[in-house]
Amino acid sequence: MSTGTDTAAPALLPAAPAPAEEVRQAAPPQRPAPDAGHPARPARQPFRALGRRLRAVALRSAAILALLAVWEAAPRLGLADPTFLPPVSEVAAAWWELLGNGQLGQHTWASLVRSFGGFAIAVVVAVPLGLLIGWYRPVAALLGPLLEVFRNTAALALLPVFVLLLGIGETSKVSIVVYACVWPILLNTISAVGNADPTLVRLARSMDLSTPRLFQKVILPASVPAVFTGIRLAGAVSILVLVAAEMIGAKAGLGYLINASQFNFAIPQMYAGIVTISAIGVAFNQLLVTIERRLSTWRVPS
């Protein structure tokens, strides 16, 4: 029993509210929300991407523009004989004249029909044959020596043989294009099949895939890059070989236009035909690159 008076514990009183100034100082500053007058930063991303694309285009075009500038300046400054190397402006005027009177369109169409016709036949023949030779070793052993003989024989060296056997008509020109285009496609296809990942092939066989399914799922996707390398080489070869064939015996085509302009000493028209061939080659190559990218969407970009 306690004799003295017990002291009660002090009651817990609520703390006094802090002054408004201290609260404002303690609170972190907040950024004002963007309004209509101040757009957000992500809106600038499309403009940055557009700027990068423009810089890339300017970088790629710098060498071409420099070449055209040198071509224009060299004859006018006396660094080259304008009789044999006219300025690029005169070549452009001659090209426009040929386009206006219909000659350029006529010759270009004749060359494109021959070139693309032979190229298409070569693709249809060489790709399946390359897959067959690359996959079946007995076929490769049988046809290997024969392929080595013909692949080392230049197409233009056989042009007189094609003319003698098939005449100077369209058949000989298309046939020489087919012969020249087959070898890049065939050899790259054989190499692509032979270099397929053996681990993937064994894995596919362990899953009891049939040969057609194995080609569809493993061999063909892995072979696309190498096959298209051969196809792109064949595309360039198809135009070059055809122009040489048209210079020998033809009445229409870009090769005929270049040869006839040289004999008639119409030098600007001759260069106009050469520039047209170069433009067709670049455009055709870009088309093949686009198709290759569409067929290779499974690849991881490097």
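Only this structure's heavy atoms are used, side chains among them; waters, hydrogens and symmetry mates stay out.
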May I ask you to test the Leu242-Ser238 pair for a side-chain heavy-atom distance under 4.5 Å? no

What about Val289 and Val237, same hydrophobic cluster or not, with Ile/Leu/Val/Met/Phe/Trp/Tyr joined at side-chain heavy-atom distances under 4.5 Å? no

Using the test side chain to side chain contact (heavy atoms under 4.5 Å, CB included), find all partners of Val125 that sit at least two apart in sequence or belong to another chain. Ile121

Rounded to the nearest 0.5 Å, how far does CD1 of Ile231 lie from CG of Asn285? 12.0 Å

Are Leu240 and Leu288 linked, directly or through other ILVMFWY residues, by side chains that come within less than 4.5 angstrom of each other? no

Measuring from atom CD of Glu72 to atom CZ of Arg76, what distance do you get when rounded to the nearest 0.5 angstrom? 4.5 Å

Does Val113 sit in a hydrophobic cluster with other residues, and if so which ones, taking ILVMFWY side chains as linked at heavy-atom separations under 4.5 Å, directly or through other members? Trp109

Under the rule for side-chain hydrogen bond (donor to acceptor under 3.5 Å, both in side chains), what residues qualify as partners of Ser111, not counting sequence neighbours? Glu246

Donor-acceptor pairs under 3.5 angstrom involving side-chain atoms of residues 252-265: please list them, not counting sequence neighbours.
residue, atom, partner, partner atom, Å
Asn259, ND2, Met247, O, 3.1
Ser261, OG, Leu257, O, 2.7
Asn264, ND2, Ala260, O, 3.1

Could you list the donor-acceptor pairs under 3.5 angstrom formed between side-chain atoms of residues 150-168 and any protein atom two or more places apart in sequence or on another chain?
residue, atom, partner, partner atom, Å
Arg151, NH1, Glu148, OE1, 3.2
Asn152, ND2, Glu148, O, 2.7
Thr153, OG1, Val149, O, 3.0

Tell me, which pairs form a side chain to side chain donor-acceptor pair (under 3.5 Å) where one or both residues lie in residues 270-283, sequence neighbours left out? Trp95-Thr276

Determine whether Val282 and Phe228 fall in the same hydrophobic cluster, where Ile, Leu, Val, Met, Phe, Trp and Tyr are linked whenever their side-chain heavy atoms lie under 4.5 Å apart. no

Output every pair passing side chain to side chain donor-acceptor pair (under 3.5 Å) with a member in residues 156-169, not counting sequence neighbours, ordered by first then second residue. none

Sequence neighbours left out, what passes side-chain hydrogen bond (donor to acceptor under 3.5 Å, both in side chains) with Gln269? Give chain and number order. none

Please list, chain by chain and in numerical order, all residues satisfying ring-ring contact (aromatic ring centres under 6.0 Å, His included) with Phe116, sequence neighbours excluded. Phe284

Answer with yes or no whether the hydrophobic clustering places Val275 together with Leu112; edges join I, L, V, M, F, W, Y residues whose side-chain heavy atoms lie under 4.5 Å apart. yes

Rounded distance [0.5 Å steps], CG in Leu186 versus CD1 in Ile190: 4.0 Å

Validation: residues 77-85 side-chain donor-acceptor distances under 3.5 Å, sequence neighbours left out:
residue, atom, partner, partner atom, Å
Asp81, OD1, Thr83, N, 3.1
Asp81, OD1, Thr83, OG1, 3.3

Straight-line distance of Ser115 OG to Ile239 CD1, nearest 0.5 Å: 5.0 Å

Closest approach of Ala180 and Val241, non-hydrogen atoms and distance? CB-CG2, 3.7 Å

Any residue meeting salt bridge (charged side-chain N to carboxylate O under 4.0 Å, His left out) with Glu97, in chain and number order, not counting sequence neighbours: none

Taking all non-hydrogen atoms of both residues, which atom of Gly130 and which atom of Thr189 are closest, and how far apart? C-CG2, 3.6 Å

Glu90 CD to Trp71 CH2 distance, which is reported to the nearest 0.5 Å: 11.0 Å

Strictly by side chain to side chain donor-acceptor pair (under 3.5 Å), give each pair with a member in residues 156-184 just once, sequence neighbours left out. Arg114-Glu170

Distance check, rounded to the nearest 0.5 Å: Thr229 atom OG1 versus Ile185 atom CD1? 11.5 Å

Test side-chain contact (heavy atoms from CB on, under 4.5 Å) on Val227 and Asn188; report intermediate values, then the result. CA-CA 6 Å; Val227 171; Asn188 278 271; 5.9 Å; no

Is there a path of hydrophobic side-chain contacts, each under 4.5 Å between heavy atoms of I, L, V, M, F, W or Y residues, that connects Val127 with Phe119? yes

